[in-house]
Amino acid sequence: MNIVEQVKERIKAEIAQAAEKAEIVSSEDLPSVVLETPKDKVHGDFATNVAMQLAGVAKKAPRLIAEDITAHMDKSKASIEKIEIAGPGFINFFLDKSYLRDIIPSVLQAGSDYGRTNVGENQKVQVEFVSANPTGNLHLGHARGAAVGDSLCNILDMAGYDVTREYYINDAGNQITNLARSVEARYLQALGHDADMPEDGYLGADIQQFGKELAEEHGNRYADASEEERLAFFREYGLKREMEKLKQDLLDFGVDFDVWFSETSLYEDGKVEETLQLLEEKQEVYQDDGAVWFKSSNYGDDKDRVLVKSDNSYTYLMPDIAYHKNKFERGFEKVINIWGADHHGYIPRMRAAVQALGYQKDQLETQIIQMVNLFENGEKVKMSKRTGKAVTLRDLMEEVGIDATRYFFAMRSADTHLDFDLGLAKSQSNENPVYYVQYAHARLCSICRQAEEKGFVYDPEADISLVATEKEYDVLKKVGEFPETVALAAEKYAPHRITNYLHELASAFHSFYNAERVVDSEDEEKTKARLKLVKAVQTTLQNGMKLIGVSAPEKM
RNA sequence: GCCCUAGUAGCUCAGUGGAAGAGCAACAGCCUCCUAAGCUGUAGGUCACAGGUUCGAAUCCUGUCUAGGGCGCCA
């Protein structure tokens, strides 16, 4: 437990025993005391609403209850300096803030592990995200999914979960045949033949390029081959090239998957057949109209779903159920899917499938990444992956920058629609909030450089009791909130809580920086003490920025 | 038609039972001083609308309106 939590626990315990002593309620009737941090400093360091909660039980006005409680509290036990009763019955606590100094050594000792907790209890969690079809470039929506998914994984890891990042490769469906035919057409065109693109072909520039390269390398070799040989070749080639590109784009974006899981492998290993058999044994399916249906409506879905079509081929759902079964068989206790908004209607049937297989409903969590609308010059731009008219992840990295892009996507809660104005992102990149946070870090580094130049040597033994101003305490309090912020972000699957936090921490530091000097040749002891504070802030910022995949520059 | 998500400051968005917030834009100040990509202050809100539950609702419930998405033996 960190210092802030310890202090909060002490205050809570004091409140609980004061409520009992004042004979307001018996201990078993006492609701769990909530201690929150008021947004406004005039409401103290911590506040509780316990008096209002007790109003019903005690049949007394909240403010009177608050007075009773505070009269029976032993202030000396919990660093309390002053207590005020305010508003409808809030009890506000003003603390002797010197306890905050203890945060400094705890951060410095933990270093890159500061913020780590064990709320996840080492639970095995699998997060599947991006999983874009390998038929073209990753676009804006995938970029959002990648940024959110990767940040979430980092956060879960720091909160004590055992995380595996996984990408599901849809390499078995019609779209791959379509890809093969598209590559074929581009190849033939590059050779000067008269070849039409398939009706639902992929019109991206990447595939044109493949065609060109193939023509240069192989000439008419595949134009003359049998259709069967030709398609098999283009299928494999297209898939290989698309996957290479995809992996590289994601790696450059800072996203490194642990597992690349092939849909085809499910068929090859007989997993699809096996899963269907299991569902049959469990009597979760039935025959109708020549098709095999899954009784998903038994588990809350609107209607039943086809698994095997009347032409004997599988629907997309079938291998996907097999895939989820496989996930649990690999020992994951919790499976998190991060899907695009266009798949949200799919959630009830997948949840039904997981239950039909005999797993618990809450072992599957699906997070929806809402649509990203692209705006340029104030006008909405229609995007289509099929026609290749889309802003790609690569475009974003080159034009907007990796740090700004990742921060931008991480800072919004994933389940809200997002307007992305490309012109704004590019032209106003200096005003992007990411620079505010990065600038704070660069300033911290600058202070350290200045200190070194002036002959100060970092002293781990420096006396931090000299850290005692209001601004310093504000910064320290923020630093102290980091571990619980990470834990909360993990619990809520909410990476944007981290960017919010980083902005607040940077703000507290900028404010301190403008008010007071760190490096002061006139006061060696104070400088040394403040350098420890600086180091603690730097460590916290770095750890937080790492969570969302943003770099911490030493100079800007 | 049914389902999902959203509607909070001029704009982009946090907050999801407890005292209305941030960034940008606007306005007024702050660099002989560790990076002004910064700081300080001002202004800006019947939290879409109408009911309900509650001591207390932006937050929970019901209904309505608006925007986007989903409802296939496609993936």
Side-chain angles (χ1 to χ4, degrees), chain A residues 34 36 38-40 42-43 47-56 61-62 86-90 92 133 135 170 172-176 178 200 263 288-293 302-303 305-317 319-320 340-348 368 370-371 373 408 411-421 424 428-440 442-451 453-454 456 492 494 496-497 499-500 503-504 506-507 509-521 527 530-531 534 555-556:
Chain A
V34 176
E36 54 179 27
K39 288 165 207 153
D40 192 335
V42 307
H43 297 130
T48 182
N49 60 352
V50 72
M52 279 115 81
Q53 284 182 313
L54 288 172
F90 287 101
N92 297 333
N133 289 343
T135 55
N170 294 108
N174 293 335
Q175 78 277 5
I176 298 300
N178 219 343
D200 295 318
E263 180 186 357
D288 192 31
D289 276 343
V292 178
W293 296 72
D302 296 349
K303 51 189 170 192
R305 308 290 170 177
V306 172
L307 295 180
V308 186
K309 298 181 240 174
S310 47
D311 67 358
N312 264 332
S313 64
Y314 295 121
T315 62
Y316 176 75
L317 182 60
D320 218 10
D342 53 341
H343 282 68
H344 95 246
Y346 202 75
I347 296 173
I368 286 298
Q370 275 296 347
M371 305 287 292
N373 289 318
F408 189 82
M411 72 188 274
R412 258 89 175 192
S413 76
D415 55 6
T416 58
H417 307 266
L418 175 64
D419 290 339
F420 193 100
D421 191 319
L424 205 72
Q428 299 201 350
S429 60
N430 282 359
E431 287 162 12
N432 190 301
V434 71
Y435 296 104
Y436 184 81
V437 176
Q438 289 186 318
Y439 189 54
R443 272 184 156 173
L444 287 156
C445 294
S446 175
I447 290 171
C448 295
R449 282 194 300 272
Q450 285 285 330
E453 278 171 29
K454 297 234 167 88
F456 286 100
K492 304 266 185 195
H496 70 274
R497 283 176 185 269
T499 55
N500 285 352
H503 194 276
E504 287 163 11
S507 173
F509 168 70
H510 281 309
S511 180
F512 160 73
Y513 180 94
N514 271 272
E516 296 170 43
R517 282 192 68 83
V518 173
V519 181
D520 181 358
S521 302
T527 300
R530 286 187 166 175
L531 283 173
V534 161
K555 277 183 185 175
M556 282 176 77

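Letters A, B, ... mirror the listed sequences (proteins, then strands); counts begin at 1. Both backbone and side-chain heavy atoms feed into the values below; hydrogens, waters and symmetry mates do not.
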At under 4.0 Å, does any side-chain N or O of K303(A) touch on OP1 or OP2 of C2(B)?
no

Across the strands shown, which category fits F90(A) at heavy-atom distances under 4.0 angstrom: base, sugar-phosphate, nothing?
base

For the pair made of CG in L317(A) and P in C71(B), what is the distance, rounded to whole Å?
13 Å

If the cut-off is 4.0 Å, is K309(A) near the phosphate of G72(B), judged by side-chain N/O to OP1 or OP2?
no

Side chain of Q450(A) only, please: which of C34(B), A22(B), G38(B) is the nearest?
C34(B)

Atom-to-atom span, OH of Y513(A) to C1' of A36(B) - whole angstrom
10 Å

Which is true for R497(A) with a 4.0 Å heavy-atom rule: it touches a base, it touches only sugar-phosphate, or it touches nothing?
sugar-phosphate

Could you go through nucleotides 40-48 of chain B and list every protein N or O atom that sits under 3.5 Å from one of its N or O atoms, giving the distance for each pair?
from: U40(B); atom 1: OP1; to: S511(A); atom 2: OG; distance (Å): 3.1

Enumerate, in order of first residue number, the stems that involve RNA chain B, defined as 3 or more consecutive Watson-Crick or G-U wobble pairs with both distances under 3.5 Å.
B:1-7 with B:65-71, B:10-13 with B:21-24, B:26-30 with B:38-42, B:48-52 with B:60-64

Sugar-phosphate, base or nothing in reach of F456(A), heavy atoms under 4.0 Å
nothing

Could you tell me the separation between the CD1 atom of I447(A) and the P atom of C34(B), rounded to a whole number of Å?
11 Å

For H417(A) and A67(B), is the gap between ring centres under 5.5 Å while the planes differ by less than 30°?
no

Looking across every strand, which nucleic acid part, if any, lies under 4.0 Å from H510(A) by heavy atom: base, sugar-phosphate, or nothing?
sugar-phosphate

Could you give the CG-to-C1' distance, from D419(A) to A67(B), as a whole number of Å?
11 Å

What is the nucleic acid contact for D302(A), judged by heavy atoms within less than 4.0 Å: base, sugar-phosphate only, or nothing?
nothing

G70(B) base stacked by Y346(A)? Criteria: ring centres under 5.5 Å, plane angle under 30°.
no

M371(A) atom CE is separated from C4(B) atom P, nearest whole Å, by 19 Å

Measure NE2/H503(A) against P/G23(B) and give the value in whole Å, please.
6 Å

What is the nucleic acid contact for N170(A), judged by heavy atoms within less than 4.0 Å: base, sugar-phosphate only, or nothing?
nothing

Looking at T416(A), does any N or O in its side chain come under 4.0 Å of the phosphate oxygens OP1/OP2 on A14(B)?
yes

Classify the nucleic acid contact of A451(A) as base, sugar-phosphate or nothing, counting any heavy atom under 4.0 Å across all strands shown.
nothing

With sugar-phosphate meaning primed atoms plus P, OP1 and OP2, does I368(A) contact a base, only sugar-phosphate, or nothing at under 4.0 Å between heavy atoms?
nothing

Look at all strands and tell whether S313(A) reaches a base, only sugar-phosphate, or nothing, counting heavy atoms closer than 4.0 Å.
nothing

NA contact type, R443(A), heavy-atom cut-off 4.0 Å: base, sugar-phosphate, or nothing?
sugar-phosphate

Can you measure Y316(A) atom OH to G72(B) atom P for me and round it to whole angstrom units?
16 Å

By the 4.0 Å heavy-atom rule, please label A515(A) as base, sugar-phosphate, or nothing.
nothing

Base, sugar-phosphate, or nothing: which does E263(A) touch, judged by heavy atoms less than 4.0 Å apart?
nothing

When we call it a touch if two heavy atoms are under 4.0 Å apart, what does A291(A) touch: a base, just sugar-phosphate, or nothing?
base

Using a 4.0 Å heavy-atom cut-off, does E36(A) contact any base of the nucleic acid, only the sugar-phosphate backbone, or nothing at all?
sugar-phosphate

